[in-house]
There are 2 protein chains.
Amino acid sequence: MTALALFAENGVHGTSLQQIADRLGVAKATVYHQFATKDALIEAVVQPAVESLGVLLAAAEPITDRGEQVEVLLNGLVDLVINGRELSAVTHGDPGVAALLGSNPILRGHGERVLGLLLGPDPSPSRRVAVSMFNAGLMLSGTDPMVAGLPDEDLRQELLAGARRLLAED
Amino acid sequence: MTALALFAENGVHGTSLQQIADRLGVAKATVYHQFATKDALIEAVVQPAVESLGVLLAAAEPITDRGEQVEVLLNGLVDLVINGRELSAVTHGDPGVAALLGSNPILRGHGERVLGLLLGPDPSPSRRVAVSMFNAGLMLSGTDPMVAGLPDEDLRQELLAGARRLLAED
DNA sequence: GTCTATAAATTGATAGAC
DNA sequence: GTCTATCAATTTATAGAC
């Protein structure tokens with residue numbers, strides 16, 4: 001999707017349908033023919049990642065061994081970021097987007113389930129901060145120019161290594 | 001500054017001068033009397049942090065012992081986040097803001113100096129990713145609702161602990 | 001310094017021809 | 001399906017009275 005690139009560049013609020021239409025080389029009304037509203041377009045951009053996240057959660061939640069569960073989750077989350085470097089930054093960047101996505105009950109539920117699994121039962125303040133840092137760090141590193149040149153596989157392994165250091169169970 | 005709270009809530013692009021004026025209880029023209037443009041207002045909001053960062057850099061850069069230098073820098077950066085939880089999220093959240101701040105040569109320079117010190121000489125890909133994760137994690141954790149309830153001093157220590165785990169020198 | 005009023009441009013969104 | 005034309009609302013920003 002072309003809209004995603006613009007969202008990543010200028011933020012969702014900073015991207016007008018006119019800009020999207022211009023870059024697509026079509027008229028603004030053409031965009032409105034496919035998406036009823038701007039919010040619908042945003043949701044369409046986000047949807048594939050939401051579904052992937054749902055699959056990952058369904059796979060991780062039944063795992064009873066805590067260490068293995070976290071490991072599966074971390075691997076899956078890193079893969080999601082690698083497969084869509086731009087998207088993750090968009091969803092975590094603009095506070096306005098966070099509010100809009102928070103109104104989507106499915107995505108909201110997924111976010112809470114991910115955090116619930118990472119936090120574990122009865123999380124300490126220490127773990128809360130570690131999970132928070134991991135969450136932000138993972139999502140925004142995907143588009144950080146500082147690591148933009150790294151091949152996918154290298155970035156994958158380094159993100160995993162960082163996550164393990166940050167989230168090492170006490 | 002009242003504008004900061006709104007920026008943190010809705011993003012910079014998502015906050016109009018009308019909203020700012022309304023919350024301040026004054027007319028829009030009154031805001032324009034103090035700040036020539038919206039960009040000038042944004043820069044004014046950011047400026048105190050820029051100056052603090054400059055002081056921190058001036059203190060850290062002359063330190064010759066590498067371990068001590070990083071330690072001073074981490075402590076200072078965490079303090080900056082604690083002292084302005086909202087601001088750091090604003091500056092790192094909206095991609096549009098990042099672009100605007102990137103056009104400010106002073107802030108741009110400060111950012112590069114911080115990263116340069118954290119990366120150290122001839123940084124490995126591994127270190128680049130770790131620094132990137134730390135950077136994003138530190139800045140966005142300041143406003144994460146998950147840690148919003150923590151007292152400043154607790155958050156301070158936990159952020160430092162996370163930073164040290166993430167950035168432990170090889 | 002603060003206000004009302006307004007300008008000029010852009011926004012999200014719609015109507016209707018082809 | 002894509003276009004031109006247009007709507008009402010909102011945006012940044014300015015002019016000028018008090």
Side-chain angles (χ1 to χ4, degrees), chain A residues 1-50 86-87 89-108, chain B residues 1-48 50 86-87 89-91 93-105 107:
Chain A
M1 201 76 74
T2 310
L4 176 57
L6 280 166
F7 287 161
E9 283 175 37
N10 311 105
V12 174
H13 263 129
T15 304
S16 70
L17 290 189
Q18 189 67 258
Q19 289 176 284
I20 295 173
D22 285 353
R23 186 169 294 193
L24 274 161
V26 300
K28 195 168 46 167
T30 305
V31 178
Y32 272 103
H33 182 78
Q34 293 197 358
F35 306 99
T37 66
K38 188 183 181 183
D39 284 3
L41 190 156
I42 297 172
E43 285 189 21
V45 166
V46 170
Q47 195 190 9
V50 176
E86 288 176 318
L87 178 58
V90 168
T91 58
H92 275 69
D94 198 326
V97 181
L100 190 147
L101 296 182
S103 71
N104 177 332
I106 299 172
L107 186 48
R108 206 177 126 82
Chain B
M1 203 74 74
T2 309
L4 177 55
L6 280 166
F7 286 162
E9 282 174 38
N10 312 103
V12 174
H13 264 129
T15 304
S16 71
L17 291 188
Q18 188 66 260
Q19 289 176 284
I20 295 173
D22 285 352
R23 186 169 294 194
L24 274 160
V26 299
K28 198 169 39 170
T30 306
V31 178
Y32 273 105
H33 182 78
Q34 293 196 0
F35 306 98
T37 66
K38 188 182 181 183
D39 284 4
L41 190 157
I42 297 171
E43 285 190 21
V45 166
V46 170
Q47 195 190 8
V50 176
E86 288 176 318
L87 178 59
V90 169
T91 57
D94 197 327
V97 181
L100 190 147
L101 297 181
S103 70
N104 177 331
L107 185 49

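Everything quoted here is computed from the prediction, not taken from an experiment.
A salt bridge (Lys or Arg N to Asp or Glu O under 4.0 Å) check over residues 9-23 of chain A, counting only residues at least two apart or in different chains, returns the pairs A:Glu9-A:Arg23. The stretch residues 33-42 of chain B participates, sequence neighbours left out, in no side chain to side chain donor-acceptor pair (under 3.5 Å) pair at all.
Residues forming a side chain to side chain contact (heavy atoms under 4.5 Å, CB included) with B:Thr91 (at least two apart in sequence, or on another chain): B:Val46, B:Leu87, B:Leu101. In terms of the side chain to side chain contact (heavy atoms under 4.5 Å, CB included) criterion, B:Ala29 has no residue partners (sequence neighbours excluded).
For the pair B:Tyr32 OH and C:dA5 P, the computed distance is 19 Å after rounding to whole Å.
The nucleotide range of DNA chain D contacted by chain A, defined by atoms under 4.0 angstrom from heavy atoms of the protein and reported 5' to 3', is D:dG1 to D:dT4.
The closest side-chain heavy-atom distance from B:Leu17 to B:Phe35 is not below 4.5 Å.
To the nearest 0.5 Å, the span separating CG on A:Leu24 from CD on A:Gln19 amounts to 12.0 Å. Rounding to the nearest 0.5 Å gives a distance of 8.0 Å between NE2 of B:His13 and OG1 of A:Thr15.
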Using a 4.0 Å heavy-atom cut-off to protein, can you give one letter per nucleotide of nucleotides 6-11 of chain C, 5' to 3': B if the base is in contact, S if only the sugar-phosphate is, - if neither? -----S
Determine, stepwise, if the pair A:Ile20 / A:Phe7 fulfils side chain to side chain contact (heavy atoms under 4.5 Å, CB included). CA-CA 9 Å; A:Ile20 295 173; A:Phe7 287 161; 4.3 Å; yes
